[in-house]
Novice: 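Just passing along the structure, written as structure tokens.
Whatever order the structure lists them in is the order used to number ligands and atoms, beginning at 1.
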Amino acid sequence: SRAKRYGKENKVPTKFSDVAGHEEAKRELVEVVDFLKNPTKYHQIGAEIPKGVLLVGPPGTGKTLLARAVAGEADVPFFTVSASEFMEMFVGVGASRVRTLFDEARKGAPAIIFIDEIDSIGRKRGAGIGGGHDEREQTLNQILSEMDGFDKNSSVIVLAATNRPDILDPALLRPGRFDRQVTIDLPNLKEREAILKVHMRNKPIAEDVSLEELSRATSYFSGADLKNLVNEAALEAGRVNKTRIEMHDFYRALDKITLGLENSSLTIT
Ligand code: ATP
């Protein structure tokens, strides 16, 4: 999700092999890849291709990465928008921007639209007295009507990420909208090992580095945290002019990160 927040990529290099763990999620998303690659197969047999899939899970667990992998595997253009930044960037024109985004995606179909942080637009409507958030509601309504308006054969699939499915407007979850959910949890022990491996792939790692030990020392780390850990260890090794990253560097990085976490929780609360 640190990638571009608004834009179109014609060719996405990401593949499922770049995503460690999340086997169940990948199994479900392989289907989406097939919808995008072989839409006529489904149309001919009279099946309607799902329009929306919600990726649900805590921050940094790889929702954006998975969405990109779907586009990469299907070899279709990837249209991204972060809902929160979208609201800031296009004050007063949210709804018309949504229209443009969907128009472009339809022109490029088959295609993926990825909406990050959908909860910032998609919270239950009319919660506050007098509604209040007209801008947000109009933007949400536009997303709903775009999805309803998809031609049966349009082959545009909208993936949306959230860590708060509970606060979403039920209208978003109705059949024909985001009626499928894929859960992306924090990685378990084995998955943390696999994620560490992915991020060590192109780095000079010393023989004394134990993936198992690191994985044990990082409960509750997300994929993004683990990626950061590997980078911090590399910085640590570089700082003292090593040519390989040793276990010691990982421990220093871990210390630094956990201290940082403590400090930040002290300053926030
Ligand atoms: P957010 O909710 O904060 O947007 P996210 O769930 O979309 O987070 P990503 O932005 O996809 O998470 O993850 C950040 C980075 O962490 C990824 O680009 C990737 O490098 C790394 N990462 C996260 N999960 C995994 C994973 N399962 N395998 C490999 N790398 C991962």
Side-chain angles (χ1 to χ4, degrees), residues 1-7 9 12-30 32 52-73 78-89 112-123 158-168 178 181-203 205 211 214-215 218-235 245 250 253-254 257 260-261 264 268:
S1 67
R2 323 295 157 241
K4 254 199 328 204
R5 290 299 192 150
Y6 183 76
E9 280 167 78
V12 178
T14 312
K15 292 286 180 329
F16 282 136
S17 58
D18 296 311
V19 187
H22 301 318
E23 294 308 325
E24 180 56 32
K26 281 191 227 168
R27 256 194 300 282
E28 293 180 50
L29 291 171
V30 161
V32 175
V53 180
L54 205 58
L55 307 177
V56 178
T61 43
K63 297 182 291 297
T64 306
L65 189 66
L66 270 167
R68 293 176 60 84
V70 171
E73 293 278 352
F78 185 70
F79 294 82
T80 2
V81 46
S82 151
S84 61
E85 284 178 31
F86 190 81
M87 296 298 294
E88 288 162 25
M89 223 187 306
I112 289 274
I113 295 177
F114 177 62
I115 307 177
D116 203 0
E117 306 176 74
I118 182 98
D119 34 293
S120 64
I121 290 181
R123 268 176 291 127
V158 188
L159 303 180
T162 182
N163 53 358
R164 293 296 310 276
D166 53 308
I167 62 167
L168 290 180
F178 294 98
Q181 288 201 14
V182 173
T183 307
I184 321 284
D185 283 322
L186 281 175
N188 64 25
L189 191 74
K190 278 277 154 243
E191 289 171 325
R192 290 199 297 278
E193 249 188 79
I195 295 171
L196 285 166
K197 220 183 231 166
V198 164
H199 291 285
M200 289 181 188
R201 227 159 26 188
N202 300 313
K203 295 194 173 60
I205 303 291
L211 283 174
L214 285 175
S215 173
T218 49
S219 346
Y220 306 109
F221 272 48
S222 69
D225 295 333
L226 292 166
K227 178 190 186 175
N228 181 45
L229 170 66
V230 176
N231 191 56
E232 286 293 339
L235 288 173
I245 312 168
F250 280 97
L254 266 175
I257 289 168
L261 289 178
S264 68
I268 289 166

Novice: Hey, does the side chain of S215 reach the backbone of L189 with a donor-acceptor pair shorter than 3.5 angstrom?
Specialist: yes
Novice: Hey, does L65 come in under 3.5 Å of ligand 1, counting only N/O atoms on both sides?
Specialist: yes
Novice: Before signing off on this row, confirm whether V198 and ligand 1 have an N or O atom pair separated by under 3.5 Å.
Specialist: no
Novice: Is ligand 1 under 4.0 Å from a heavy atom in the side chain of K227, in the backbone, in both, or in neither?
Specialist: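 For K227, the contact with ligand 1 is made by the side chain alone.
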Novice: Shortest non-hydrogen contact from D225 to Y220?
Specialist: OD2-O, 4.1 Å
Novice: Against heavy atoms of D116, which atoms of ligand 1 measure under 4.0 Å?
Specialist: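 So the answer, numbered in order with elements, is 4 (O).
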Novice: For F221 and R192, which heavy atoms make the closest approach, and how far apart are they?
Specialist: O-CD, 4.3 Å
Novice: Judged by atom type as modelled, is there a donor-acceptor pair below 3.5 Å linking the side chain of E28 to the main-chain atoms of A25?
Specialist: no
Novice: Where on E117 is there a heavy atom closer than 4.0 Å to ligand 1, on the side chain, on the backbone, on both, or on neither?
Specialist: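 Within the 4.0 Å criterion, E117 makes no contact with ligand 1.
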Novice: Once side chain to side chain donor-acceptor pair (under 3.5 Å) is applied, what residue pairs with a partner in residues 226-235 remain, sequence neighbours excluded?
Specialist: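 Sorted pair list: E232-K256.
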Novice: Is it true that G60 lies under 4.0 Å from ligand 1, counting heavy atoms only?
Specialist: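 Heavy atoms of G60 do come under 4.0 Å of ligand 1.
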Novice: In terms of atom number and element, which parts of ligand 1 are under 4.0 angstrom from non-hydrogen atoms of D18?
Specialist: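 Here the atoms of ligand 1 in question are 28 (N), 29 (C).
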Novice: In ligand 1, which numbered atoms sit nearer than 4.0 Å to a non-hydrogen atom of A20?
Specialist: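 Listed by number with element, the hits are 26 (C), 27 (N), 28 (N), 29 (C).
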Novice: Just heavy atoms, cut-off under 4.0 Å: does I195 contact ligand 1 by side chain, backbone, both, or neither?
Specialist: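 Looking at I195 and ligand 1, just side chain atoms fall under 4.0 Å.
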Novice: Tell me, please, which residues at least two apart from K15 pass salt bridge (Lys or Arg N to Asp or Glu O under 4.0 Å).
Specialist: none
Novice: To check you understand the geometry: which heavy-atom pair defines the closest contact between L186 and P58, and what is its length?
Specialist: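 Closest heavy-atom pair between L186 and P58: CG-CG, 4.0 Å.
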Novice: With respect to P59, determine whether any N or O atom, backbone or side chain, lies less than 3.5 Å from an N or O atom of ligand 1.
Specialist: no
Novice: Below 4.0 Å from ligand 1: does a non-hydrogen atom of R68 turn up there or not?
Specialist: no
Novice: Is the contact between H22 and ligand 1 made by the side chain, the backbone, both, or neither, using heavy atoms and a 4.0 Å cut-off?
Specialist: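 It is the side chain that gets close, since no backbone atom is under 4.0 Å.
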Novice: Mind checking the CD-NZ spacing from E23 to K190? Nearest 0.5 Å is all I need.
Specialist: 13.0 Å
